[in-house]
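The structure appears below as structure tokens.
Chain letters run A, B, ... following the sequence lines, proteins first, then strands; residues in each count from 1.
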Amino acid sequence: MNVVNPLNDKFMKKNRTYGLKDDIGLLKMSKLMRFTIFILLLSFSQAFAVNPLLINSSKPYIDKEFVNQAQKAVSGKVTDSSGAPLTGVTVVIKGTTTGIITDSDGKYSLSNVPPGAILVFSFIGMKTQDVAVAGKTTINVAMDNETVGIEEVVAIGYGVQKRVNVVGSVISISGSSIQSIPSSSTSTAIAGRLPGVVVIQKNGEPGNTGAQILVRGRGTLGSNTGPLVIIDGVQGRSMNDIDPSDISSLSVLKDASAAIYGAQAANGVILITTKKGESGKPRLNYNFYQGFMTPTVIPVVCDAAEYATMISEYQSSKGATRTFSDADIALFKSGADPWGHPNTNWYGDLIKKWTTTSRHNLTIDGGFKGMTYYVSLGFKGDESMYKQSSTSYKQYNIRAKLDLPITDWLKAGIETAAFQLNRLYPYKSQDAIVGQSTRLVPTSRAYWPNGLPGPDIEYGDNPVVTSTFAGGKNDQKTYTLQNTFNVTITPPFVKGLAVNANFNYDVINFYSKRFYQPWILYYPNWNQVTKDPNTGFITDMVLSPTLRGLSSSQNEEDYKRTISQTGNINLTYAKKIGNHDLSIYAGYEQYTNNNNSFYGFRQYYISNLIQTMSAGGDLNKNTTGSMYIYARRSLIGRATYNYKEKYLAEFLFRRDGSLKFPPKSRWGNFPGFLLGWRASEEDFWKNNISFISYFKLRASYGVMGMDPGDPFQYMNKFTLAPGMVFGTASNIETVVGPPTVANPNITWETQTTRNIGFESKFMKELFHLNLEYFFNKRENILAPRNASVPDFTGLSLPNENIARVDNQGFEIEAGVHKKIRSDLRFDLTGNFSFNRNKVVFMDEPAKSKPWQSVTGHPYGAWLMYDAIGVFANQAAVDNYPHWAGAQPGDIIFRDVSGDGKINADDKILIDHTDAPEVFYGINLDATWRNFTLSVLVQGQGKYLRLNVYDDRRGEDGNYFKWTYDNRWTPENTVTNIGRAYSRGSFYWEHSTNMSTYWLDNVAYARLKNVVLSYNLPKRIYKSLGIANARIYFSGNDLGLIYSATKKFDPEVDGQGVYPAMRTFAFGANITF
Amino acid sequence: MKKVFYYIISIVMLLLTSAACTNVLDQQAVDSFNNDVVFSDINLVKSYVGSCYVRMGGPSCDLGLTARDLLASATDQTLASFRTGSMDHMKGDLSPDQLGFFGNNAMGGYLRWNNLYSNIQNVNTIIAKVDNVPAATALEEALKTQLKGEAYFIRAYDYTTLLECYGGVVLVNQPFQLGQDFLTNKRASIAETKDFILADIAKAISLLPATMDQGRATRAAAAAIKSRLLLFCAGKLTNGGYQPDNPLVSFPTGSQTALLQAARDAAKEVMNGTYGTYSLVGNTSDPLLPLTEAQVKTYSDNYFYIFDQKGKWNSETIWGIQYALTGGPYPYFGLNRALSPNGYHCAGNNPPTEPAVRSFEMADGTPFVWDKYKPGDQFLRTASAAQLADDPLRNPYNGREPRFYATILYNGAKWQPRGSDFADVDPIGIIQTANYYNNDGTIRGFGLDTRQTLVESWNGTKTGYYLKKFQDPATVGQYFNNTNTWVVFRYAEILMNYAEACIELGGADLQNGLDALNLVRNRAGLPDRVTTDQATARTFLRHERAIEFFAEGHRWYDLRRWMIFGSVVENVYGMKIKEFTNGNMEWKLDVTDKEDIRTWGNDKFYWLPLPRSEINKAPQLQQNPGYN
């Protein structure tokens, strides 16, 4: 490895050489220590002077292995590439744990350094350098920025690898980079930060905000598209439960590097590693933020006058009796008659301007004599936007980790993490609260003028009441316990060999209690009113309190228990012979998952005050339960080889057996081959194109699998179901069947993945550019033989391994990294991903029109009419093929078949309706003196989504404003918005004849998150025992820079769901 | 010390390894079981037969889901308020690509080609395997026989439905296996299909006992299928009415008389008590006219409660489907919820159309005449308060035959008490499909059950009426499911089947037919029909079937069998009723307010097309005539 840049050498000679400084102690450095320092430093600003942390005045400690050799002191100064001193750089004698950290002038001094030793200089955000001492006593080093990623090592699945040696398409971020973002879950926090990872947050409801993640888009049919998530080596743990403060790093395996996860890896793998303790005296770190949230975009609906106008237009046009006269409309507009002619803003009455989110985390870690510990306590609380708070999400978590060196060849570790997730909702779901708020008519009343709640639209739905606990609580609690035990033996007699066994036992207990009761709404009595004698308007009314929603109180309770156990025994061996570096991993793993659930229901409670199950009546009660098992056994292997870290090769292998499949097709083999070439290490490169200082070419090929679906599809399964009432006692018989037809040959979906890419850095790492191209071929996708087996056979077709989907795309990542002054630097990086899939085969029944075959289209292509405008007048209707009964103001469907008629033949397939193909992020990190700023802009490309929440509009419910504005009327004939309508009365209704009229492009670019932090000057808190203090202001989903639709937030699932939240937060991170 | 650790570690690792060596992959399924298990225990076979009943479903298309759209809404009788567009056959638009109500849309249903065949596959599996199930006792042996009989009954029912929808179909009596050659199965002729079903019915009759747990198939239920099937086969549609030379949809020329005789005899067997004793409920003697209001109510209630039976069935019920308050395969079985007015927070679906309402006679057995007071005006009727006091029959809903009051909810009809929300406004529970006007004609208020009221107005009636039949006055539809039985076969149908066969045969049989018809009429409180003319008798019969079986699901088959769809399909308009402060009334059929535009496009719609996807998968299947 390149040691010292001659330029820097020259530069360094100008500086004085310092001798040993006694006030800086030596510390026994472990890898862990370095790792932890690295993590901590990352929490603070980069490339910026911080205190010599953790090592204030400890007594110099000298490793005894080295004291006996002929040693001398080495000292020097470490600077960054611009020559500014770097504080906090770790300097370690290679192969030992002896080291020190540079002081505030960037200086270091090590005594007792063997003459042949190599010093390793490492610093967060900088490239690690190895410098041979070669008898020198002064070694000055200029550190270069690390631009590929900020990590030194990357988790790659069953191991870690130095970033430069990674040959797979692996991207990663550190936990600290998302820790301060006030996003509601980890899955949403990573949006835009990882090229090739599509993140779609569909919902803003507290406790329900986990995003859909697609690694390199979709590669299969159906809903099984999510990546495998592995947390600390264990699957089945939720990435949204984990406290972001506990995350050390998050990596994504996108190509054949995922093959080491075999039969589960085809959708990509996300690896999360949690933090560990580090040696030293106890450190206490406290991080918190308090956030304030407000909805991003609220769908706009008509006000009372607009609604009444539109309904009247509809009713007049069909000759029906008008519900509202012109006088009514005028009164709705004027607001003079609040009892008789209200103008209700349902959404406005439902929500408040601001609600809150907060997070607290306290960690204590430390260690001595090789033993380390890490304890973390966390709390997270999200409140709802409803005016009368009800919905909330609270999470409490604790994590304790202990690593014990029992002997010098034996280590043991134990870790326990516990989570309690409390989700609290009212009886009605967000759909009935938020969704119905867009449907409730503004001519009805959320509240009467005297403050009592008004009537419902149906089923008791008055959101200002159903958003409260008036109808009861839906109280969901999840208790998760994750336990890990591991032992590692490094036999002293075989260098480089380690045998490791670990065992994980995870329990998830879910309990939900839903005690619901009818609630009171106030119905009008139009005959018992007091009127203003002058205006004739009602000034008071006798209202009828009415119980709505349920006939009587009821109670449901759910218990679910999931136990998953993972056992893994493995062997690692690393050997370096000359320039040949070889490492081997071989392991055996077994995973089992057992799930039991139980459900009970009773109605007719003797009192709402006694909510235990046994207080319910006997007339209407129900119990159900279910069981589920899954198991997998695996053989896992990896061999890596590199020559001078220049030629890199990796071979992966996994053999998986799954319970889901019959013995003969149970086992599958999944190999991966990865090759890398650091061309920039070649002499010809250095001599000719040295401005490209780093260039690594990578290629990989691998086979992976996916085992979706229910277990035991290989046998014809009868399941239990409720049957008919036989006899006269109204008893329901339990019946079995009908059976599913067995597929005795069922097995994996297989995916072959090809990836080629390069990583590069230019002009002394001012720029970097990485490019990847991939082609995934998913075969044996489980799909029924729809086109081959006629319905008269009565066979309910099993899934067979027959379909194929191809998916290809590319990712670009580029950045500029510039230090402008010693105290001002910025990093601007951007990433862009594109992928497109194509259904190659799915045994699709032949279509009468060729343009209706899904085969060849991306998955999810949606068959519908092509809306090409609005009939301006009767002549326009007469002049173009139209639906029977079409009238002016109706939507024109394109006559695709050209036969002069509009019928099912004219439907076409619309692509881009499943997920965006383009996803991107632009990230700016800047530091100036004590300030650090991180800004992320994130966006997606064309993606078409339904722009109506439901069909119940018109007489059935309010209109969205966009259907009112510029709608067709006899006076306004040139427009692209259809006439006033009512559910069930027009052929272009979306549920009857879906057309492109009801689709909106939800492409967007948004200011996703911003974190501005300030490191408080030390003098402020030095006397308080505080080692470091940082305060920050941050925000999430701050604003839309561009949005193709204005109708709703482009990210969430339409107008009917709880909107996404714009969050502003302030917080602090304090280390004692 | 070192040694101790070695031991500990070795033990831990061994434990882990041994735990890992139990073969977790060879576990049995925990939540289900397979063929081998089911067919080793006759009780499990019984449970399997139970699931075949579930999938057999009722005659009305959507019973299994939410009783949303009745099959009657595929005819002139009622309107599927929310899915008018899916009645493609009344829009001139039915095709193999667009089956609407009869296709695999989100509404599911039981008239579907694929659903019927999927249940036939289940039954075939049972029939093929039941003989080899061990039976230890005589009771179990008897159970085997019974289950086989039930299986034949279910297969006969499902094939009858197939025949009545599609004509001759693919006949299957063995379970299919995956990987078989499916390209050799062709459609049989309608005659072969009929014979296949008759053979199943014969087996079912011979295997089934006369009485069973209520709800399971009986001999009489199997005989009732036979009566229904043969009557359908004997109709004009399959005997020269449409494509007489196509054996898929027509019987050989000259077979109609034999079919009619078979239909007559099949019904007569049931009437003779061969399969058990069944009779009409209520008084079947010719009523003394005129009936008092109380007598009308007695007749009306007697008829109404045929469809509101809970617990043990009456003597008229041959077979029906029972429902539980909660649970069961039809968790959303809420006929009240589906049919009751919006003013009761229900969906108000399947409202009767104006022509159907007018077709109910007067209590004295004379036809109802809308324009009696203003001859020539078929749309508007008005009556002042004084006129109404003088002659209550000026109100079109007064003085009608008893079944009218059991079938239709009209403006002013008494129904359930309102919920507490409207108890103040309407303490009794009177249907309000009128709007209220001041004497000067300005609007004063909207009826609770109209489309203008602010209570779930979109569920308000589009025709001016609601369907009362099948509802249970004791069930609060907005909260509760119905538990009254859906009657599939009742004795009145057997009588009417017999009557129709006899009248069509004519001659000596004609009077026998009229006698059976008059039994049904008398029971409803109406006087005898008297004629010797076959055509007149036919008119009488068709009218009676429409009224007696209103909305029960027969109408769609009847209109097709008689081939009169074209003459009854017309646009659906709303009845607009005005009540003035001074008591004056106005009833107006508002033809400017077209609630549904209907047209009978083509006689090919008398048969459903096979779905396009099925023809594509099995090109050997011949499509029904007229469809490409």
Side-chain angles (χ1 to χ4, degrees), chain A residues 318-321 323 406-407 410 444 458 487 501 503 523 525 544 546 551 567 569 590 592 620 622 626-627 629 631 633 657 659 666 712 715-719 722-728 730 732-733 735-738 741 787 790-795 845-846 848 885 904 955-956 983-984 992, chain B residues 5 9 12-13 16 19-20 24-25 27 29-35 38 44 47-48 50-51 53-54 82 85 97-98 113-114 117-118 120-122 170 176 178 182 213-216 311-312 322 324 326-329 420-421 424 452 454 456-458 479 592-593 597 612-614 616-618:
Chain A
K318 77 182 282 278
T321 314
T323 309
I406 299 166
T407 69
L410 174 64
S444 183
E458 57 181 341
V487 285
F503 178 69
Y523 271 67
N525 263 313
S544 306
T546 302
S551 62
I569 296 172
Q590 175 173 304
T592 62
N620 185 8
N622 187 21
S626 68
M627 290 169 81
I629 53 170
R633 304 175 81 179
L659 171 80
R666 178 171 288 166
F712 305 111
M715 58 181 218
N716 71 331
K717 280 197 300 184
F718 285 76
T719 46
M724 306 289 284
V725 174
F726 290 136
T728 53
S730 202
I732 297 166
E733 192 190 61
V735 298
V736 300
V741 176
D791 288 346
F792 69 74
T793 60
L795 293 164
S848 57
E955 287 175 339
D956 300 38
R983 176 199 189 188
T992 315
Chain B
F5 285 121
I9 293 320
V12 168
M13 285 203 146
L16 283 171
V24 292
L25 302 185
Q27 299 177 78
V30 288
D31 58 343
S32 57
F33 32 92
N34 63 10
N35 250 346
V38 171
L44 282 173
S47 294
Y48 189 7
S51 75
Y53 274 103
V54 173
F82 306 98
D97 300 298
Q98 189 145 339
W113 174 271
N114 56 344
Y117 270 113
S118 129
I120 286 167
Q121 163 80 1
N122 287 326
V170 182
F176 278 104
L178 266 189
F182 306 121
D213 243 7
Q214 185 169 298
R216 302 193 88 95
K312 181 130 180 60
Q322 305 184 91
T326 53
S420 58
D421 38 0
D424 290 339
Q452 281 77 41
L454 288 179
E456 297 161 35
S457 59
W458 57 93
Y479 296 125
T592 60
D593 185 6
I597 298 167
R612 168 86 58 212
S613 57
E614 184 72 347
N616 284 339
K617 286 186 269 189

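- At distances below 3.5 Å, not a single donor-acceptor pair connects side-chain atoms of B:Gln27 with backbone N or O atoms of A:Leu659.
- A pairwise comparison of heavy atoms in B:Ser613 and A:Pro845 identifies CB-CB, 4.4 Å as the closest pair.
- Residue contact with chain B, scored on non-hydrogen atoms closer than 4.5 Å, involves the side chain of A:Phe712 exclusively.
- The two residues B:Leu25 and A:Ala631 have their closest heavy-atom pair at CD2-O, 3.6 Å.
- Atom-to-atom distance recorded for A:Phe792:CZ and B:Phe176:CZ is 5.0 Å, nearest 0.5 angstrom.
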| Going through the checks in order, is the side chain to side chain contact (heavy atoms under 4.5 Å, CB included) test met by B:Gln121 and A:Thr793? | CA-CA 7 Å; B:Gln121 163 80 1; A:Thr793 60; 5.6 Å; no
| field | Test log, rule side chain to side chain contact (heavy atoms under 4.5 Å, CB included), inputs A:Asp791 and B:Tyr117 | value | CA-CA 7 Å; A:Asp791 288 346; B:Tyr117 270 113; 5.7 Å; no
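- Looking at A:Ser444, neither its backbone nor its side chain comes within 4.5 Å of chain B, counting heavy atoms on both sides.
- Per-residue heavy-atom pair counts under 4.5 Å with chain A were compared for B:Ser420, B:Ser47, B:Gly215, and the maximum is reached by B:Ser47.
- Ranked by heavy-atom pairs shorter than 4.5 Å toward chain A, the options B:Ser51, B:Gly50, B:Ser118 are led by B:Ser51.
- Among B:Ala618, B:Gly85, B:Ala324, B:Ser457, the residue with the largest count of heavy-atom pairs under 4.5 Å with chain A is B:Ala324.
- Of the listed residues (B:Asp424, B:Ile120, B:Leu44), the one with the most heavy-atom contacts under 4.5 Å to chain A is B:Asp424.
- Only the side chain of A:Asn525 comes within contact range of chain B, with heavy atoms under 4.5 Å apart.
- For a residue to count as touching a neighbouring chain, one of its non-hydrogen atoms must lie under 4.5 Å from one of that chain's; by this rule A:Ser626 does not touch chain B.
- Of the possible donor and acceptor atoms, one in the side chain of B:Gln322 sits under 3.5 Å from a partner among the backbone N and O of A:Gly727.
- Side-chain contact between B:Phe33 and A:Val736: present, with at least one pair of heavy atoms (C-beta onward) separated by less than 4.5 Å.
- Heavy atoms of A:Glu733 lying under 4.5 Å from chain B belong exclusively to its side chain.
- The minimum heavy-atom distance linking A:Met715 with B:Asn34 is given by the pair SD-ND2, 4.0 Å.
- Looking at A:Thr592, the atoms closer than 4.5 Å to chain B (heavy atoms on both sides) all sit in the side chain, from C-beta outward.
- Across all their heavy atoms, B:Arg216 and A:Phe726 have their closest contact at NH1-CD1, 3.3 Å.
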